[in-house]
Amino acid sequence: MKIVVDGGVAAGMSCAARARRLDEQAEIVVFERAKHVSFANCGLPYHIGDVIKDRDRLLLQTPESLDESLALDVRTGHEVVSLDAQAKTVTVRVLDTGEEFAESYDAVALCPGAAPFVPPLPGVDHPNIHVLRRIGDMDAIKALVDGTDGHPAKHAVVIGAGYIGLEVAENFHHRGVETVIVEMADQIIPPLDRELTTQMESYIRAHGVTLQLGTQAAAFSEAPDGRLRVELTNNAFIETDLVVLAAGVRPSTEIAAAAGVELGPRGGIAVDQHMRTNLPDVYAAGDAVEVEHLILPGPYLVPLAGPANRQGRVAAENICGRDTTFGKVQGTSIVKMFDMVAGGTGANQKQLTAAGIPFDRVQVHPSGHAGYYPGTAKMHLKVLFDPEDGRLLGAGCVGFDGVDKRIDVLATAIRAGMTIYDLQDLELAYAPPFGSAKDPINMAGFVGSNLLKGDVALWYPSEYPGATEGARIIDVRGPEEFAVWHLPGAENLPLPTNREACGSWDTSVPLRDYCAERFRSYLASR
């Protein structure tokens, strides 16, 4: 059997490598248009920032090493330009020479990935405007920061405040490059709910990185001093040395579509659970395909390395005769900005609302580990669940220590179909440097269970001021806290005095208790 793989990064190389492990006799050819294969594309920003100093550490494999270890015929600088499913051939162009040739196959896996979105704006072709997708992109950006021309970049603009944009901005800051992040949404990390990102935005600004939120680039031009000028839709102008476009990606589907491969409603390649397309012996995997979401209805594009690798493996297993299916995705992701971390899994509140899926939610603010042990801080953990049976729907977390652990636990719990009640009973590793006897995961379970059992009713900042109309607003914090800040019209009844005072209240008047982190107001409510 002859297997042809279009694309030599996450999905493509996983497919080729797995196929070889399953079939020693197969002829396996991988075409990759760039000069490198199987590289650590998630590490690219960190080499720009000199966090990863050795460039070669990003080059996990080479065509030579793949030939030696797996007998794979990997050809870099070769671009698949068309597919003929009836003739079972692909047409390949050698980029160095322009030569084209046909390559036959018994099965082909399309793993072209996704291309960074480049908005069609005036001046976007300026030589100092870059995307970051491949090793060559990284080298070009790093050369500007290093100043290989004798003039190192002192200022940069990053378009997009998603995961890649934040990582690039962080690494520019590490290099002493003054950085501005421009994001069209009114928050950073749009996949997270708004209230989770507020603290991180303040933290980023405190480190000297400028955030321009709720605006976007309108045009690029050359300033009188020869620098690059960025015009924003809010009529602001920024003069800079370097721009990185990190405003999302688009699935690379041109070749597939031209060959008659069906596309899904979100513009990606449509595949079944076996990673098969509608054409015989044509498979697809990675960032270009649409897959089912674990929580949300319909197919989704989820351009993440973990799912891409697993999809490539599933495609290979089916090509080699096994009956293997790819499950649903939940979009688990995480990002670090300086010492602060944000992550999420499953569906967020915005997505559930848009999909019309009923949900309830709790938010807790425990420390990453025991508060009496040094080196911790409070995190903001939000968990969403079904209001009827408590089934977990999604979670987000922002903090400093232990965010990754909680997101991974919740990702596993969501995958297992667990409920908010189940979180109470999880027995998680505890010692003072690592957690608490009642872990933040357990705390979310306690609060969620209280909510569903009717032990407490919650009101949310998004409901203010409507939720306070006709109600008494009771601030149960201490008088010093109340003096610094409080909601307009609130009465200050500190928790120790609340129990005695409430005995004479008119119970027909609704109450809205609040404090700093809900615990004291919960006690007052009980």
Side-chain angles (χ1 to χ4, degrees), residues 193 195-196 295 344-349 352-353 357-368 370-371 378-399 402 406-407 409-410 412-414 416-428 430 435-464 467-468 471-477 487 490 493-496 498-499 501-503 505 507 509-526:
D193 287 325
E195 67 269 30
L196 291 172
I295 304 298
T345 185
N348 61 38
Q349 182 172 331
L352 293 172
T353 300
I357 298 175
F359 65 90
D360 224 325
R361 75 269 198 198
V362 295
Q363 300 181 62
V364 294
H365 303 81
S367 297
K378 290 187 180 297
M379 62 175 61
H380 187 165
L381 176 61
K382 179 177 182 178
V383 180
L384 303 113
F385 49 92
D386 188 291
E388 296 297 323
D389 60 13
R391 182 175 64 94
L392 297 172
L393 303 174
C397 188
V398 177
R406 276 71 190 204
I407 289 297
V409 170
L410 287 162
T412 305
I414 292 170
M418 296 173 72
T419 70
I420 194 73
Y421 300 111
D422 294 324
L423 299 187
Q424 301 175 97
D425 301 324
L426 292 182
E427 186 176 336
L428 304 172
Y430 162 59
S436 300
K438 290 186 287 190
D439 192 86
I441 299 292
N442 302 135
M443 294 301 301
F446 296 147
V447 176
S449 299
N450 285 341
L451 181 63
L452 291 187
K453 292 175 181 177
D455 292 338
V456 66
L458 301 178
W459 66 290
Y460 301 91
S462 59
E463 299 170 349
Y464 179 81
T468 62
R472 291 181 67 179
I473 311 173
I474 309 297
D475 187 324
V476 304
R477 301 174 301 159
L487 290 178
L493 289 170
L495 179 62
N498 200 278
R499 177 177 284 108
C502 71
W505 290 352
T507 56
V509 178
L511 304 176
R512 296 292 180 267
D513 290 337
Y514 77 90
C515 57
E517 296 173 2
R518 292 187 177 172
F519 183 61
R520 286 174 289 178
S521 56
Y522 164 63
L523 295 178
S525 174
R526 290 303 299 159

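Please read these numbers as outputs of a predicted model, since none were measured by experiment.
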Between [atom1] on residue [X] and [atom2] on residue [Y], distance to nearest 0.5 Å:
X    : Y    : atom1 : atom2 : result
R512 : L487 : CZ    : CG    : 12.5 Å
L352 : L393 : CG    : CG    : 5.5 Å
M379 : L196 : CE    : CG    : 12.0 Å
I441 : D422 : CD1   : CG    : 12.5 Å
F446 : L423 : CZ    : CG    : 10.0 Å
D389 : L452 : CG    : CG    : 9.0 Å

F359, CZ atom: more than 12 neighbouring heavy atoms under 6.0 Å: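 Yes, enclosed.
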So which heavy atom on [X] is nearest to which on [Y], and how close?
X    : Y    : result
I414 : A395 : CD1-N, 4.4 Å
V456 : S525 : CG2-OG, 4.4 Å
P440 : P366 : CB-CG, 3.3 Å
L384 : A347 : CD1-O, 3.6 Å

Result of checking L392, N450, V447 against I420 for side chain to side chain contact (heavy atoms under 4.5 Å, CB included):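 The passing option is L392.
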With R520, the side chain to side chain contact (heavy atoms under 4.5 Å, CB included) member among P496, P494, C515: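 The side chain to side chain contact (heavy atoms under 4.5 Å, CB included) with R520 is passed solely by C515 among P496, P494, C515.
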Check ion pair D475-R477 (N to O, under 4.0 angstrom):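 Salt bridge flag = yes for R477 with D475.
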D360 side chain near L451 side chain, heavy-atom distance below 4.5 Å: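 When only atoms from C-beta onward are counted, L451 and D360 do touch, with a gap below 4.5 Å.
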Pairwise side-chain contact, L458 with R361, heavy-atom cut-off 4.5 Å (strictly under):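 Not touching, per the 4.5 Å side-chain cut-off.
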State whether the side chain of [X] and the backbone N or O of [Y] hold a donor-acceptor pair below 3.5 Å, judged by distance alone.
X    : Y    : value
N442 : D439 : yes
D193 : Q349 : yes
D513 : Y522 : no

Derivation and outcome, side chain to side chain contact (heavy atoms under 4.5 Å, CB included), residues R406 and L428: CA-CA 10 Å; R406 276 71 190 204; L428 304 172; over 6 Å; no
Working for side chain to side chain contact (heavy atoms under 4.5 Å, CB included), residues K453 and Y421: CA-CA 10 Å; K453 292 175 181 177; Y421 300 111; 4.1 Å; yes
CA sep, side-chain torsions, deciding dist, call: E195, H380, side chain to side chain contact (heavy atoms under 4.5 Å, CB included): CA-CA 9 Å; E195 67 269 30; H380 187 165; 4.1 Å; yes
M418/L426 under side chain to side chain contact (heavy atoms under 4.5 Å, CB included): CA gap, chis, key distance, verdict: CA-CA 11 Å; M418 296 173 72; L426 292 182; 3.5 Å; yes
Parallel, tilted or perpendicular: rings of W459 and Y514 (30°, 60°):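 Answer is perpendicular, since the angle exceeds 60°.
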